[in-house]
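Data first, discussion second: the structure below is written as structure tokens.
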Amino acid sequence: MQYAIELYYDKETEHKLYTLAKRVADAKLSKKFLEWKTRPHLTLACFNDVDEEKCIKLLREFAQSRKRMTAFIGSVGMFNDTRTIFASPVMNADMYRFQRELHECLKDFDSSGWEWYQPDRWVPHCTLALTKEDGEDAFYKASDLILHEFRKMSGSFVSIGLVKVTFPVEEIFTVELGA
């Protein structure tokens with residue numbers, strides 16, 4: 001089974017990002033992201049398998065020793081090969097350190113094959129649309145819609161969670177970061 005550790009936004013920021021994703025679905029361009037039934041997030045790490053009980057314990061300890069972080073979302077990006085459209089956070093040293101320390105905390109779990117979620121190779125992104133399975137024009141039309149409606153925003157990263165990468169995503173455990 002595959003698992004991911006996700007970093008979640010405060011409710012207001014999450015709502016703004018979700019609204020962009022929903023606009024793509026409402027315009028009948030792509031519904032795939034909403035069908036995953038996940039909420040806006042940054043994926044920090046992916047694993048091929050974890051001991052859920054041990055992972056929950058480690059995440060709880062990790063979160064208690066970390067503070068909430070400011071989240072500035074300043075741009076929109078795309079992965080052309082997967083036809084994914086996303087919002088990009090403005091990265092800083094605290095966020096890179098947070099992700100690196102999380103990987104160190106969870107180093108006993110198998111992350112092979114997930115190189116794009118490793119420290120120093122991580123491309124942090126908040127998916128808004130997954131258009132690979134849609135018609136040829138969906139990627140371009142959804143990109144246009146998001147580019148026209150996206151506005152820079154700021155909020156906070158407030159919690160982390162363990163999810164099972166199934167369809168739809170299964171949220172197993174979420175814990176608030178320290179205040």
Side-chain angles (χ1 to χ4, degrees), residues 4-46 63 66-102 116-163 165 167-169 171 174-179:
I5 306 299
E6 298 180 343
L7 181 61
Y8 298 115
Y9 298 94
D10 63 274
K11 292 294 182 197
E12 182 179 339
T13 305
E14 181 177 304
H15 177 72
K16 288 177 184 177
L17 292 163
Y18 180 82
T19 298
L20 282 171
K22 188 161 180 347
R23 283 282 296 121
V24 171
D26 290 347
K28 299 189 182 345
L29 299 172
S30 178
K31 298 184 296 183
K32 186 54 80 179
F33 176 73
L34 295 183
E35 289 172 354
W36 277 93
K37 299 202 185 300
T38 187
R39 57 190 191 167
H41 64 274
L42 293 185
T43 300
L44 297 165
C46 292
R66 302 302 185 289
K67 293 190 183 304
R68 293 177 177 199
M69 296 177 286
T70 301
F72 293 110
I73 301 134
S75 60
V76 172
M78 296 156 212
F79 296 130
N80 290 345
D81 59 338
T82 61
R83 296 187 176 192
T84 300
I85 306 162
F86 55 86
S88 293
V90 176
M91 295 304 294
N92 59 47
D94 289 339
M95 291 176 67
Y96 284 116
R97 185 173 30 259
F98 185 94
Q99 193 242 9
R100 182 179 307 284
E101 290 171 354
L102 176 73
W116 297 112
Y117 293 97
Q118 297 294 322
D120 298 323
R121 299 194 77 189
W122 184 39
V123 181
H125 61 282
C126 178
T127 300
L128 300 173
L130 299 164
T131 66
K132 191 170 188 168
E133 296 177 16
D134 298 299
E136 186 67 28
D137 287 344
F139 178 64
Y140 302 105
K141 288 179 179 178
S143 297
D144 186 59
L145 184 149
I146 290 170
L147 287 170
H148 278 90
E149 295 192 13
F150 175 82
R151 300 292 176 264
K152 289 181 181 180
M153 60 186 90
S154 65
S156 298
F157 292 112
V158 299
S159 60
I160 55 175
L162 171 66
V163 301
V165 183
F167 187 78
V169 168
E171 205 170 302
T174 301
V175 60
E176 296 289 317
L177 299 172

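- The two residues V158 and E176 come nearest to each other via the heavy atoms O-OE1, 3.3 Å.
- Contact check on R66 versus E101 returns a salt bridge, with a Lys/Arg side-chain nitrogen under 4.0 Å from an Asp/Glu carboxylate oxygen.
- The two residues A129 and I146 have their closest heavy-atom pair at CB-CD1, 4.4 Å.
- Using a 30° and 60° split on the angle between ring planes, F79 and H125 fall in the perpendicular class, above 60°.
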Subject >> Q99/L102 under side chain to side chain contact (heavy atoms under 4.5 Å, CB included): CA gap, chis, key distance, verdict >> reply: CA-CA 5 Å; Q99 193 242 9; L102 176 73; 5.6 Å; no
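- Side-chain N or O atoms of W122 include one that pairs as donor or acceptor with a backbone N or O of T43 at under 3.5 Å.
- Looking at heavy atoms from C-beta onward, K67 lies out of side-chain contact with F157 at the 4.5 angstrom threshold.
- Among all heavy-atom pairs drawn from I160 and F98, the shortest one is CG2-CZ, 3.8 Å.
- With respect to D94 and R97, a salt bridge is recorded, a charged nitrogen being found less than 4.0 Å from a carboxylate O.
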Subject >> side chain to side chain contact (heavy atoms under 4.5 Å, CB included) evaluation trace for I73 with F150 >> reply: CA-CA 10 Å; I73 301 134; F150 175 82; 3.9 Å; yes
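- Residues L128 and L17 form a side-chain contact, since some pair of their non-hydrogen atoms from C-beta on lies under 4.5 Å apart.
- For the pair R39 and Y8, the distance from NZ or CZ to the six-membered ring centre is under 6.0 Å and the angle to the ring normal is within 45 degrees.
- In this structure, E35 CD and K37 NZ are separated by 8.0 Å, a value rounded to the nearest 0.5 Å.
- For E136 and K141, the salt-bridge test fails: no basic side-chain N is under 4.0 Å from an acidic carboxylate O.
- Remark: the backbone N or O of L130 is paired with a side-chain donor or acceptor of S30 at under 3.5 angstrom.
- By the 6.0 Å contact criterion, NZ on K16 is enclosed, its count of non-hydrogen atoms from other residues, nucleotides or ligands being greater than 12.
- What you find for T13 and D10 is that their closest heavy atoms are OG1-OD1, 2.7 Å.
- In this view, S159 satisfies the side-chain hydrogen bond (donor to acceptor under 3.5 Å, both in side chains) rule with no residue, not counting sequence neighbours.
- Between atom CG of residue D137 and atom OG of residue S143 there is a gap of 11.0 Å, rounded to the nearest 0.5 Å.
- Put simply, the side chain of E171 never gets that close to the backbone of T38: no donor and acceptor are under 3.5 Å apart.
- Centroid-to-centroid, the aromatic rings of Y9 and H15 stay 6.0 Å apart or farther.
- The CZ atom of F33 sits 12.0 Å away from atom CD1 of I85, with the distance rounded to the nearest 0.5 Å.
- The heavy-atom pair separating Y117 from A45 by the smallest distance is CB-CA, 4.2 Å.
- Atoms CG and CZ, from L20 and R151 in turn, are 9.5 Å apart once rounded to the nearest 0.5 Å.
- Shown here for L42 and C126, the closest heavy-atom pair between the two residues is CD2-N, 3.9 Å.
- Considering only heavy atoms from C-beta on, P89 comes within 4.5 Å of M91 through its side chain.
- No side-chain donor-acceptor contact under 3.5 Å links E6 to the backbone of H41.
- A 4.5 Å side-chain heavy-atom check between S156 and M69 finds every atom pair outside the cut-off.
- If you take CH2 on W116 and SG on C46, they are separated by 13.5 Å, rounding to the nearest 0.5 Å.
- Interatomic distance, NZ of K31 versus CG of D134, reported as 9.0 Å (0.5 Å rounding).
- No donor-acceptor pair closer than 3.5 Å links the side chain of T84 to the backbone N or O of M78.
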